[in-house]
Amino acid sequence: METHTNHYLKFDPLEYAYPSRRYATYGYKGMVAASAPTAAEAGMRILEEGGNAIDAAVASAASLTVVEPLATSIGSDAFAIVCFKGKLYGINASGRCPYSLTYDILHRQGYKHIPLHGVIPITVPGAPGAWAELSKRFGNNNLLKNLTPAIELAENGYAVSSKISYLWNRALNLFQSEKYDPLFRELFNIYTINGNAPNPGQVIRFPELAVTLSEIGATNAESFYSGNLTERIVDFIRNNQGFLKASDLETYTCEWVEPISTDYRGYTIYELPPNGHGLVVLLALNILENFDLINKESAESYHILIEAMKLAYEDGFKYIGDPDFMNVTPEQLLSKDYANSRSKLIDNTAKTHLPGNPKGSDTVYFCTADAEGNMVSMIQSHYQNFGSGVVIPGTGILMQDRGTNFNLNPYSVNCLGPGKRPYHTIIPGFLGQDGVPIGPFGVMGGFMQPQGHLQILTNLIDFHMNPQEALDAPRFQYIAGKTVEIESEVPEEILQQLKAMGHDITIKNDPSDFGRGQIIFRTPYESYIGATEPRTDGTIATW
């Protein structure tokens with residue numbers, strides 16, 4: 001297409017004088033909610049061609065590695081809750097620390113924490129394994145069929161959306177000090193246009209990524225874990241003094257898990273068990289059940305939500321890690337008696353809490369549904385923007401930096417160790433009632449995710465909002481101590497009252513750090529209602 005650079009409307013794609021009102025979307029043959037329109041359309045295409053909700057989720061997952069590479073990639077991890085024929089299944093496709101990397105090695109090298117970028121934080125990517133497992137166990141299609149929309153997007157190109165362009169540019173700024181480091185050269189070669197993030201509407205292509213996706217699809221991901229792609233990954237990391245070896249990839253398997261849950265005011269909320277921190281959501285809900293939340297727009301409601309979130313996070317940080325190394329169980333932490341004892345620590349002032357004793361971070365979230373009632377809640381991420389920054393030459397594979405979430409405290413359940421899985425921030429959610437699945441929901445955004453889940457659920461259940469309202473409502477984000485970030489839409493009177501209670505309030509005008517969520521729920525009419533929020537370029541594709 002010829003571009004007439006002197007003949008176009010001039011505007012800022014992220015500035016709106018009049019806030020755009022979104023309405024919830026309805027459909028009955030199928031629905032896909034994703035943070036990028038092209039990814040939602042990819043999932044819908046698969047549904048229309050005979051795939052089911054699981055096939056659509058895999059198609060959207062792979063497409064998001066093309067259209068939101070700052071947030072997810074082939075080298076990512078993934079988690080999902082699948083509703084298939086009325087039963088819920090969980091898949092944990094998080095990666096393990098290389099077996100040759102130990103605490104002692106990093107301690108001797110003088111590290112106090114795991115670096116954000118480079119070869120050290122790279123763990124085994126689980127996303128390709130998740131795509132293959134989901135397609136094999138529940139899908140109507142083979143993996144190559146499900147990856148075809150992503151392959152075509154990478155090969156033919158797409159126009160970058162406005163919000164993703166903004167986040168892409170912000171993410172690249174994190175690597176400016178490393179721009180000329182040979183280790184990160186491929187990141188700037190592949191994921192920029194003339195060294196810059198693509199502008200809104202600018203077309204970008206990833207031909208190498210298209211070839212890699214085709215190879216993963218044709219081999220049912222075996223090339224990634226025990227074939228040609230394995231060799232290319234391992235050779236590059238070895239040549240750059242990294243730790244990931246062929247044996248780490250060859251022995252990797254995804255894990256099917258039973259979702260954990262709690263009942264909250266007549267509904268059942270499902271999350272996945274550790275090493276993810278969905279448990280934090282359930283801990284906070286159990287605490288909240290000891291309070292009456294009546295009015296969303298009140299300082300008291302915000303205060304109780306914030307304090308419950310603090311308490312849940314303190315327990316999460318202390319106890320959550322690879323379940324093979326945890327010294328308490330989710331069942332112990334989810335005791336209603338324990339939640340009641342924790343709730344007694346909340347009064348009318350902000351506090352800094354400590355963990356209790358139950359014995360005595362960018363991401364993409366998307367969800368799908370089909371005409372048979374199958375639904376998927378899925379999330380995928382390499383953690384920080386552009387992950388480790390390490391791209392395997394000639395493949396377009398961007399490696400994650402999930403190892404950053406380990407710590408180097410030898411007494412911690414989450415201390416780095418060979419073969420361990422780190423504390424994980426990405427969490428899919430699912431809502432049910434009386435044993436009947438209602439539908440998937442989720443919020444992407446690192447440590448904002450449990451907070452987003454909590455606020456969406458209370459908006460829906462306590463404050464009786466529809467799904468679109470529940471996503472649109474302003475949010476807070478607990479940071480640490482008494483520090484809380486709050487979106488600027490919260491009324492000034494409430495902000496002042498929270499400050500008087502002792503909260504250290506920071507007003508944020510940029511909504512990018514408050515999560516980007518999607519919802520698909522069943523209605524009483526054999527149809528679906530879907531919602532996505534204005535903090536992202538999200539789209540509901542429906543049939």
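Only this structure's heavy atoms are used, side chains among them; waters, hydrogens and symmetry mates stay out. Count residues from 1 along the sequence.
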To the closest 0.5 Å, what do you measure between CD (Glu271) and CD1 (Ile260)? 7.0 Å
Flag, side chain of His277 to backbone of Thr425, donor-acceptor distance under 3.5 Å: yes
When the ring centroid of Trp131 is compared with that of Tyr225, is the distance short of 6.0 Å? no
More than 12 heavy atoms of other groups within 6.0 Å of Glu469 CD: yes
Is there side-chain contact between Ile320 and Asn414, with at least one heavy-atom pair below 4.5 Å? no
Do the side chain of Asn405 and the main chain of Tyr423 share a donor and acceptor less than 3.5 angstrom apart? yes
Compute the ring centroids of Phe79 and His424, then answer whether they are less than 6.0 Å apart. yes
With a 3.5 Å distance limit and no angle check, can you tell me whether Tyr313 reaches the backbone of Phe447 through a side-chain donor-acceptor pair? yes
Compile the donor-acceptor pairs under 3.5 Å between side chains in residues 280-289 and protein atoms, sequence neighbours left out, one pair per line.
residue, atom, partner, partner atom, Å
Asn286, OD1, Thr262, OG1, 2.6
Asn286, OD1, Lys336, NZ, 2.9
Asn286, ND2, Leu334, O, 3.2
Glu289, OE1, Lys336, NZ, 2.8
Glu289, OE2, Arg265, N, 3.1

Mind checking whether Phe386 and Tyr191 have parallel, tilted or perpendicular rings, split at 30° and 60°? tilted
Is there a donor-acceptor pair under 3.5 Å between the side chain of Ser135 and the backbone N or O of Ala132? no
Note, Gln451 side chain near Tyr478 side chain (heavy atom, < 4.5 Å): yes
Here's one to test your reading of the geometry: is the NZ or CZ of Lys420 within 45 degrees of the ring axis of Phe406 and under 6.0 Å from its centre? no
Is the charged tip of Lys296 near the ring of Tyr302: under 6.0 Å from the six-membered ring centre and within 45° of its axis? yes
Qualifying salt bridge (charged side-chain N to carboxylate O under 4.0 Å, His left out) pairs with a residue from residues 57-74, counting only residues at least two apart or across chains: Glu68-Arg516
Please report the interatomic distance CD1(Ile269) to CD1(Ile456), rounded to the nearest 0.5 Å. 12.5 Å
Evaluation steps, side-chain hydrogen bond (donor to acceptor under 3.5 Å, both in side chains), between Gln400 and Asp77: CA-CA 8 Å; Gln400 64 181 19; Asp77 280 351; 3.3 Å; yes
Any side-chain heavy atom of Leu498 within less than 4.5 Å of one from Phe476? no
About how many Å separate CD of Gln518 and CE of Met378, when rounded to the nearest 0.5 Å? 14.0 Å
Should Glu487 and Arg535 count as an ion pair when the cut-off is N to O under 4.0 Å? yes
Looking at every heavy atom in both His453 and Gly429, which two are closest together, and how far apart are they? CE1-N, 3.7 Å
Between His503 and His303, how do the two ring planes meet: parallel, tilted or perpendicular, split at 30° and 60°? perpendicular
Gln380 (side chain) donor-acceptor with Ala61 (main chain) under 3.5 angstrom: yes
Is the cationic atom of Lys87 (NZ for Lys, CZ for Arg) positioned less than 6.0 Å from the six-membered ring centroid of Phe84 and within 45 degrees of its normal? no
With side-chain contact (heavy atoms from CB on, under 4.5 Å) as the criterion, how do Phe430 and Cys83 come out once you've worked through the C-alpha distance, each side chain's angles and the decisive distance to 0.1 Å? CA-CA 9 Å; Phe430 215 98; Cys83 175; 3.7 Å; yes
If only atom types and distance count, is the side chain of Tyr319 paired as donor or acceptor with the main-chain N or O of Pro330 below 3.5 Å? no
Roughly how far apart are Leu457 CG and Phe441 CZ, rounded to 0.5 Å? 4.0 Å
Is Glu307 paired with Lys310 through a side-chain N to carboxylate O contact shorter than 4.0 Å? yes
Find the distance between CE (Met31) and OG1 (Thr368) and round it off to the nearest 0.5 Å. 11.0 Å
